[in-house]
Every structure is written in structure tokens, then in C-alpha cells.
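The structure under discussion appears below in the form of C-alpha cells.
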Amino acid sequence: MLAADIAVLCLLAVAAYVLVEGGFIARPLGLRLAIRSTPRVLLWASVILAVRHFIVFRPTLPEWIVNWVRDMALAAGHLREDDLELSAQAGTPGPASPQRRHRLLMAAGLALFFAGLTVFMTYPQVRHLDTGVSPDIGDPLFSTWRISWVAHQIVRDPLHLFDGNIFHPTRYTLAFSDAALVPALTVVPLIWLGVPQLVAYNLLLLSGFALSGIGMFVLVRSLTGQIGAALVAGFVFAFLPYRYMHYAHLELQMAQWMPLCLWAFHRTLKSGRLRDGVLTGLFFALQTLSSIYYGLFFATFMVPFAGVLLIAAGRDRAIGALKPLLAGAALAGVLVAPLAFPYTAARQSVGERPLTEIAFYSATPQNYLAAHRRNDAFGLLTEGLGQQERELFQGFFVPVVALVGLWPPMSAARIGYLLATVLAFEVSLGLNGFSYEWLHAFVPPYRGLRVPARMAMLVGLSLSILVGYGVARITARRTRRVASVMTLAIALLIFAEYRSTLILGHVQASPPPVYQRLRNEPPSVLMELPLKSPDIYLEPVYMYYSTFHWHTLVNGYSGFSPPSYARLLGLVQKFPDEESIAELRRRDVDFIIVHGALYERQDEYQRIVAAMDRRRDFELIGVDPWQGKDTRLYRMLPRNREPAKTTRAWE
């Protein structure tokens, strides 16, 4: 019976390998064995499983797995956080200087470890920092623009930081999406030093993986006292399959502050020190200023978690922790409050998310079985179980290890994380669940969110912590060698189901030559053609190119678009007629660039430039070749002014 169950599990692993690698050929004892068909391997597994259950029905394979989980959970006996925290403190070096040196060496080693893992798990990104981004290049270029805008504007006119150079003349355009202020400020020095914008963006993107792993290591190390458990938990959180689905979204990789906030909260509850409470608030603020989605979701996550821990702490300890936590909350409020005005003003301009859009991006339980196509083991196998932004696979082995961590006897911390996990899962269901409709109605910031399914990152946060508990439990009271081998085996199994392959898109590191003609012009308003709707490709490209000249665009792309932009899109379809030209004059447009290489139909490009050449509203400044086609720059003339009587500017 046991041999049959093990054989079934081995065949399932072989099926996953064949699915990813396309099969293999082995020659045991001189015999040629070729396995290249995933359905055939699954058929063998089904036959063995059917025969096994026909002969010996009890225990079934699921029961066998549950029994294994129970046995592993109980093998360590009672695993209480208080005991683990004391053991972790017991190993602390005594003298101050050796302690500081030990911590610095450990921090450096930890940083190198997770940096190396990030390079490996995101390869070949490190080879293409200056040109490679996610194939859906719109969001990466949008993020490159926003961090470049912060670097540009913060030293020139910080009071108008949120008045981005897009959607002219609309204000607060940086607040039409997540401003990601903390990540942007992190790479500002690099951009000032002349590091190319795409390199700065990619370094920032990769830092989200590594720093999330480090933050989770710090938290789980403090909870379990075990380095191995903390490393596995850090690996899970750093490389959740969810991250590869959102590889194009910079702000959704910036999750490193959540485990640090939890770490500081645990310390505050235990020590009652003001410093720890202030750190809790600081880390929460940094998370919100890095990703508004995660800040709001994390605040929701903290309600059941903090409530359970404060109740379990008892009256005296809870009261002792309350004052520093309130101080931290006050600090977080001060740091986050400046966002209120631009985002409120932006919401008044663009409105709220329609319920139909929120419903589309609401998860279903089935979506948690769907891996993104980048996942090597399960991407193709689970295709069809999820849709855009709803491929929320967390792994199959990871929940099993988390269940080991949750197995009774329970503790307040694990109960808190369990309840927070349940809430995070329920909120991710959006309008398919129960709580989101209430949150949307009574918590105003939720009305600006489009994708409830992104709460799956908080499910991953909890699972990572519980995996740490599970590994600590499995390896507790083992010899160091056995514990190391078991930890490595668990890590390899998780790696097998989390491994993903990145295929990168290509972006030119330098802009088209036409922008050189704008270098000596005073600050101007620019429109770039083609301009069409809906478009998530061309507009981010124009925004990225604007980082080389910083003139103002009437074009734009963001989470929201102002109503006036819809009017422009409608009018420009007939450009250059009288009504569209009048609209451009109302928007104070000075220059128009017509990119021949970006038109799908060259006859449309020829029609537009021929009509512009005939009109007296435009003066042709120059024509530059780009990607095998002409790119034309026109100046928009004041009314009743003739174009300059000169030879052609490009001759």
C-alpha cells in the first residue's frame, strides 16, 4: 500500500517534469527508457491509484497525506513561540562589539544570499538591465516614467510633484495611479548620477524580490529562532508565483515592508518599548508609500491579526503596548497624510472604479489553482483556471508545510495569522465574496481599487510565515545534520513548484532622433501621433521618451484617464480638421510629432502628414528616419500666421 502511494506521488512528479522539460531518456541496466507523454504518465498513476484503493481502501491517499502532516507536526511536541523566542535570545553574543560585528556579517551574507537567488530566479533579467522588461512593456515603461519624474521634479518644483507631464492640462496626474514614492526616492540618486532610466527601473524591480526575502527572514527568524526555517520562508515570500504574474508591475513587487512591520509589532507587544512601536508605524507608512494597494490591504490584514494578539497578551501587556503602537500610528498618519490631497483631487477628476470592472478582477477559489504561464511546472497544466490578474497559484506543497505549522497545539500568533489568511483570501474574492462590498461602501479608499484579487499577496505573506513555522516544527529536536537535510529537501520541493521562466521584451535604450530637435526649445506642450484608444503600448512609449526631454504631453497613460482625454481621443480621429485643431489650441499644443513607424496603416500616416503640409496651422520643422520610416516634427502656429518660407528642414 505505502509503496503504491509513493509510486503515485513519484509518477506525478515525473509528469510535472515531462510537462516542463518535454520528456527524458534513461538507460537503466542498459535498457532504453523514453518518457515523453505527460497524459501517459498520469494514466499510469491513475491505474496504480485505482488498483491500490480497490485492494486496500483505507487509508486513502489523501488520508495518508493528512496523517503524514499530523505525524510531522506532532513529532516536535509542543512548539510554542515563547520557547523559541527565548532560545533565539539565548544565542545572542554578549559583548557589544562582537555582537555588532556578528550582525553586520550576517546582514551582508543575507543580502548576498537573496541577491544571488534573485539573479538566479529572474535570469536572464540581469543580462538586460538596460533594455529588457516584461513583454507587456506598457506598465514597465509607465513605471520608468514615474520614478524618472520624481527624480526630475523633486529638486525643481516639489510642491507640484503630483502634476506629472502627461494629460495636459489636467493636474495631479501622478495620482491617477500609485505614485510609488518610496521606491522612486530610493533610486533618485542613481538617476541623478546618470544611470539610465531603464537600468534604475530594473534594479528597483529586482530589489523587491531580494528585500522581501530579507524582510521575511528577519520576521521568521525572530519567531522561530531557526535560520533554516527563516531562509525557506524568505524564499517563499520572495518568489511567490504571484510575483511572476505581476512582473510588469513595479509597485506590486514592493512588499518588503510588511514582514518588517509585523516583526516590529511582535517586538512592541513583547517589550512595550516606544522605539518598537514607532518602527511599526514607520514600516507601515513605508509600505503604503511604496504600494497603496498593499498599504490598504495590509491595514485590513492587521485588524484580525493585531486583535487576536492584543487579546491573548492580557490586559497589562496590551495596555503597555498600546501607547507605543499609537505613537507609531500617529507617525504613519503624518507620513501618509500628504497623499490625501492629490489623491482626493484626482478622484474628483476621474471618478471611482465601476463595479463591473471590480467584478471582473474579483477572484474565485478556482483561481488559486491557476498558475501563470511563466510557471514551469504548472503553467500549462492549470491553463484555463484563471484569467488576467487572477492566476493566484500559491503552490501545492507550500500549503502542506504551512498546515504543519498550524497543527495543534496552537498559539496566539499562529491563530492570528490563520484568521488574517482567511480574511485575505475572502477579500481577494471581491464581489464574489462577502466582505468586499461592505469595504467598498464604508472604506472610501477601496473605491479607487480595481483588482481585489491582488489581496492574494497577503495570502502569500501569511503562507510564508506559516511555512516558517512548519519547517521549524519539522526540523525541531533533530540533529543539525538531519535538520539541514530536511530543510534543504523542503526548499528544493518548493523551488520545483515555484520555478518560472522569464521571457523579456526589448526596449530601445535611446529615443528616436526627432527628440534631439526639441532640446533647445523652451518648455513646450507636445502631442504625439498616432494616438488611439484603448492603448497600453504607444502612450507609455511616449511617456518613456519624454524622460529624455521633459516637455509636457497631452498624451498619457495611467490607472485612470481624465474625461477630457476621452474627448481628445474622439476628436483626433479626424485630425487635422477644424474641430480637432481648435481642441489642440485650447490645450496650448506647441509641437506635434508624427511617428511613421508606429502607424499600422501607412496610408493613414500619409493622409495625415499630407493634410498637415497643406494647412497653414503647422510648420514642418524636420523629418528624421526611425525604424525604416519617417518621423516628422511640426510646430503649431498661432492663428493667421504663415509657415516659414524656407527650404525643407531636413535637406
How long is the straight-line distance from CG of Leu252 back to CZ of Arg454, given to the nearest 0.5 Å? 4.5 Å
Atom CD1 of Ile292 and atom CG of Asp178: how far apart are they, to the nearest 0.5 Å? 4.5 Å
Nearest heavy-atom neighbours spanning [X] and [Y]:
X	Y	answer
Ser290	Leu286	OG-O, 2.7 Å
Ser177	Ser558	CB-OG, 3.1 Å
His549	His551	ND1-N, 2.9 Å
Ala175	Pro342	CB-O, 3.7 Å
Phe113	Leu231	CE2-CD2, 3.8 Å

Under 6.0 Å between ring centres: does that hold for Phe548 and Tyr515? no
Can you say whether the rings of [X] and [Y] are parallel (under 30°), tilted (30 to 60°) or perpendicular (over 60°)?
X	Y	answer
Tyr545	Trp626	perpendicular
His246	His249	tilted
Trp550	His152	parallel
Tyr244	Tyr247	parallel

Inspect the contact between [Y] and [X] and indicate whether a charged nitrogen and a carboxylate oxygen are less than 4.0 angstrom apart.
X	Y	value
Arg374	Glu391	no
Asp624	Arg632	no
Arg635	Glu521	yes

With no hydrogens and no angle check, is any side-chain donor or acceptor of [X] less than 3.5 Å from a backbone partner on [Y]?
X	Y	answer
Arg587	His168	yes
Tyr498	Gln394	yes
Ser561	Tyr557	no

Walk me through whether Glu251 and Arg146 qualify under salt bridge (Lys or Arg N to Asp or Glu O under 4.0 Å). CA-CA 11 Å; Glu251 69 278 15; Arg146 60 180 161 181; 2.4 Å; yes
Can you see whether Ser148 engages Gln197 through a side-chain donor-acceptor pair at a distance of less than 3.5 angstrom? no
Does either side chain, that of Tyr446 or that of Thr300, offer a donor lying less than 3.5 Å from an acceptor on the other one? yes
